[in-house]
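Beneath this line is the structure, given in C-alpha cells, with notes to follow.
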Protein chains: 2
Amino acid sequence: MAYTVGQVAKAAGVTVRTLHHYDEIALLSPSGRSGTGYRRYDDADLERLQHIRYYRELGFPLEEIAAILDDPASDPAAHLRRQHELLSVRIRKLQEMVTAIEFAMEASKLNIPLTPQERFEVFGDFDPDAHAEEAERRWGGSEAYRESNRRVSGYTKDDWLRNKAENEDWGRRFAEVMSSGAPADGPAAMDLAEEHRQLISRWFYECPYEIHTGLADMYVADERFTAYFEKIRPGMAAYLGDAIHANAITRA
Amino acid sequence: MAYTVGQVAKAAGVTVRTLHHYDEIALLSPSGRSGTGYRRYDDADLERLQHIRYYRELGFPLEEIAAILDDPASDPAAHLRRQHELLSVRIRKLQEMVTAIEFAMEASKLNIPLTPQERFEVFGDFDPDAHAEEAERRWGGSEAYRESNRRVSGYTKDDWLRNKAENEDWGRRFAEVMSSGAPADGPAAMDLAEEHRQLISRWFYECPYEIHTGLADMYVADERFTAYFEKIRPGMAAYLGDAIHANAITRA
DNA sequence: GCTTGACCCTGACGTAACGGCAGGCGGGAG
DNA sequence: CTCCCGCCTGCCGTTACGTCAGGGTCAAGC
C-alpha cells in the first residue's frame with residue numbers, strides 16, 4: 001500500500017509541512033518517490049510515523065527520536081513497551097498536578113497562602129508516591145471537586161460574600177462552644193460540626209460523613225489548615241476534628 | 001516576601017532566562033526592582049507564575065496565557081477550576097493512548113497489521129468515551145500489561161522463536177480438534193483452551209480466567225483478531241471463544 | 001577595606017520545529 | 001483541453017527559549 005503526503009498527513013493528524021520537515025531532517029523519508037517526484041509512503045513508513053508521533057507527544061526532540069528509532073538494539077515491540085511505560089509515568093505526574101490543584105483550591109477557599117514549594121512542588125524533581133493515594137482517600141477520586149466546580153462557577157460576588165459571612169458566623173459560634181467548656185463530643189459541638197458539614201454540602205459539594213472526617217483529618221494533620229483554625233481560636237483544629245469524628249460516628 | 005530571579009527560578013523549576021523572557025514579553029514582570037536594578041518577585045508574582053506553569057504544561061502559547069491571565073473576568077479560583085478540567089481531559093487522552101498502545105502490542109504479538117486509522121486514531125479528533133472502560137474491563141487496568149512488559153523485555157531472539165513455535169504447535173493441535181468434530185465445550189477443546197491460557201501466563205502475563213474470557217471476546221468481536229484465527233482454520237475464532245468460555249466456567 | 005565567587009544585569013545571536021507563502025509542475029474528472 | 005486540486009522546492013517568519021559576552025553586585029571571609 002502506498003500513500004501520498006496528503007493522505008498520510010490527514011490520517012496521522014499532522015500537516016504536509018511537517019512531513020516535509022521530517023523528510024528534510026531524514027527523520028522520516030518516504031520509502032520511495034513516484035516518477036514525477038511525488039513522495040510515496042508505505043506501511044513501514046506509517047509505523048515509523050506512529051512511533052514518532054507517540055514519542056513527540058511524550059516530549060522527545062526530533063533528533064532524539066531519530067536516534068532511538070534508528071537504534072538497531074530496539075525493535076518496534078520495544079518501542080511500544082517504552083512508550084507504554086513513559087505514558088504511565090506521564091499520567092501519574094498529571095494526576096499529581098490534579099491533586100495539587102485540588103489542594104490549592106481548598107486552600108484558597110480558606111484564604112490560606114501557599115508557600116513557594118507548595119505552588120511548584122509538582123514541577124520540581126522531588127520524590128513522588130503515596131501522595132495521590134492520600135488525596136484519593138480524602139476526596140474519593142475528586143468527584144467531590146468536580147461537583148464543587150460545577151456549583152462554584154455559577155456563584156456571584158454576592159454569593160461569595162454570603163458564603164463568607166455564614167462561614168464566619170459558624171466560626172464565631174463554634175469558638176463560643178469551645179469557650180463554654182463543652183466537650184468536643186458533646187451535643188453542642190457535634191451540632192456545629194454537623195452544621196459545618198451541611199455548610200460544605202450547600203456551598204461546595206455533597207459532603208457525606210466519610211469525606212467530612214477526611215477533611216477533619218486534614219485540618220488536624222496539615223499545618224496550614226491547622227493554622228487557619230488556630231487563628232480563630234487556639235486548639236480549634238483538634239477540637240473541630242474531634243467534633244466532626246464524634247458527629248460522624250453517632251449520626252452515620 | 002520578596003525573591004530574586006534565581007530563587008524564583010529554582011523554586012518554580014524554570015531557568016533564569018525564562019523569567020527574563022517572561023519579563024521581556026510582559027507576561028510576568030516582577031512587582032519591583034531593587035535599587036541596583038535586581039528583579040524582586042513577591043507572592044502575587046509567584047501565584048501568577050504558578051498559573052503560567054500549569055497553562056504551559058497544558059500546551060498553551062505564552063500569548064494566550066497572558067490574555068487569559070489578564071482577563072478581568074476570571075479570578076485565580078476560576079483558573080484553578082479551568083486547569084483542573086483541562087488536566088482531566090488531558091489525562092483521559094493519555095489513557096486512551098495507553099490502551100491504543102496495548103492494542104498495538106497485542107496485535108503485534110499475533111502479527112496482525114494495523115490500518116492507518118488504527119495507528120493514529122488517538123491523535124485525530126474523533127469521538128472518545130466508553131473506550132477506556134472497555135480496556136479496563138478486558139485487562140484489569142493494564143496490570144497484566146505491565147507484567148507482560150517486565151517479562152518480555154528480558155526475552156532473547158531465541159525465546160521469541162520458541163514462543164512462536166509453541167504457539168504454532170498449539171494452533172495446529174487446536175485445528176485438529178476442530179477437524180475431529182469435537183464440540184467446543186468438550187474436554188479436548190477445553191484442554192487446549194486451558195493450555196492457551198497457560199501459554200499466555202507462561203510467556204506474557206498471569207492470565208486468570210476472567211482475563212482469558214476477555215481475550216476470547218476480543219478474538220471474536222474484533223475482526224482483526226478474528227481474521228488471524230480464521231487464517232489458521234475457518235471458524236476457529238468463534239470455536240476458540242466458546243472453548244475458552246466453557247473452560248473458564250467449568251474450571252473456575 | 002579588599003578580595004572572591006556566586007549572582008544579577010542587558011544585549012545579541014542561535015536553535016528547534018515547524019507555519020506560511022511563492023512560483024511552478026502534475027493529474028484526473030468533465 | 002481545461003480547471004482545480006495536490007504536489008514539489010525554496011525561503012522567510014515565529015515561538016520559546018538556550019547560550020554566550022561583557023559588565024555590575026553582594027555577602028562572606030581574611
Side-chain angles (χ1 to χ4, degrees), chain A residues 1-42 45-46 48-70 116 120 123, chain B residues 1-42 45-46 48-70 116 120 123:
Chain A
M1 260 298 191
Y3 312 87
T4 68
V5 255
Q7 290 169 332
V8 172
K10 196 174 170 193
V14 298
T15 66
V16 170
R17 181 64 182 84
T18 297
L19 293 177
H20 283 174
H21 183 60
Y22 290 172
D23 192 2
E24 271 175 39
I25 64 173
L27 170 60
L28 175 67
S29 300
S31 54
R33 294 274 187 142
S34 78
T36 54
Y38 281 29
R39 291 175 178 79
R40 319 247 81 186
Y41 294 84
D42 65 14
D45 295 331
L46 286 192
R48 189 175 169 95
L49 179 54
Q50 176 193 342
H51 290 307
I52 292 172
R53 288 238 58 192
Y54 274 97
Y55 279 126
R56 275 257 67 197
E57 183 74 30
L58 286 163
F60 284 74
L62 298 185
E63 198 172 348
E64 202 167 331
I65 295 177
I68 55 189
L69 286 183
D70 293 336
F120 304 107
F123 295 110
Chain B
M1 263 299 189
Y3 312 88
T4 68
V5 256
Q7 289 169 332
V8 173
K10 194 174 171 195
V14 299
T15 66
V16 171
R17 180 63 180 86
T18 298
L19 293 176
H20 284 173
H21 183 60
Y22 290 173
D23 192 2
E24 272 175 39
I25 64 173
L27 170 60
L28 175 67
S29 300
S31 55
R33 293 276 186 140
S34 79
T36 53
Y38 282 27
R39 292 175 177 79
R40 319 246 81 186
Y41 294 84
D42 65 12
D45 295 331
L46 287 192
R48 189 175 170 94
L49 179 55
Q50 175 192 344
H51 290 307
I52 293 173
R53 287 237 61 191
Y54 274 98
Y55 279 125
R56 273 256 68 198
E57 182 74 31
L58 287 162
F60 283 73
L62 298 184
E63 198 173 348
E64 202 167 331
I65 294 177
I68 54 189
L69 286 183
D70 293 336
F120 302 107
F123 295 110

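As the structure is a computational prediction, the values presented were derived from the model and not from experiment. As a basis for the values below, the full set of heavy atoms in this structure was taken, side chains included, without hydrogen atoms, waters or symmetry mates. Here is the naming used below: chain letters follow the sequence lines, and residue numbers restart at 1 for every chain.
With hydrogens and angles left out, the side chain of B:Y38 and the base of D:dG24 share a donor-acceptor pair within 3.5 Å.
With hydrogens and angles disregarded, no donor-acceptor distance shorter than 3.5 Å links the side chain of B:E64 to the backbone of B:P61. Within the 3.5 Å criterion, the main-chain N or O of B:F123 finds no donor-acceptor partner in the side chain of A:R53.
Rounded to whole Å, the distance from CD on A:E24 to P on C:dG19 is 12 Å. Between the NE2 atom of A:H21 and the P atom of D:dC11 there is a distance of 17 Å, given to the nearest Å. Atoms CZ (A:R17) and P (C:dA16) sit 14 Å apart, rounded to a whole Å. Residue A:H20 contributes atom NE2, which lies 13 Å from atom C1' of C:dC18 at whole-angstrom precision. Rounded to a whole Å, the NZ atom of B:K10 is 9 Å from the P atom of C:dC7. One can place CZ of B:F60 at 16 Å from C1' of D:dT15, the figure rounded to the nearest angstrom. Straight-line distance from the CG atom of A:L19 to the P atom of C:dG19: 10 Å, rounded to whole Å. Atom CD in B:E63 sits roughly 8 Å away from atom P in D:dA16 (whole-Å rounding).
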Determine, stepwise, if the pair B:Y41 / B:L28 fulfils side-chain contact (heavy atoms from CB on, under 4.5 Å). CA-CA 10 Å; B:Y41 294 84; B:L28 175 67; 4.1 Å; yes
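In this structure, B:T15 reaches the sugar-phosphate backbone alone: every heavy-atom distance under 4.0 Å involves primed, P, OP1 or OP2 atoms, never a base. The residue A:R40 sits apart from the nucleic acid: no heavy atom pair falls under 4.0 Å.
Between A:R33 and B:Y22, the one whose closest nucleotide on DNA chain D sits nearer the 5' end is A:R33. Nearest-nucleotide positions on DNA chain D for B:T18 and A:T4 put A:T4 closer to the 5' end. Each of A:S34 and B:D23 was matched to the nucleotide of DNA chain C holding its nearest heavy atom; the match closer to the 5' end belongs to B:D23.
Nearest nucleotide to the B:L62 side chain, out of C:dC9, D:dT25, D:dC17: D:dC17.
Checked for salt-bridge contact, B:D42 and B:R48 miss the test: no charged N lies under 4.0 Å from a carboxylate O. The pair A:R39-A:D45 does not meet the salt-bridge criterion, since no charged nitrogen lies less than 4.0 angstrom from a carboxylate oxygen.
For the OP1/OP2 pair of C:dC9 and a distance below 4.0 Å, the side-chain nitrogens and oxygens of B:R39 include at least one atom meeting the criterion.
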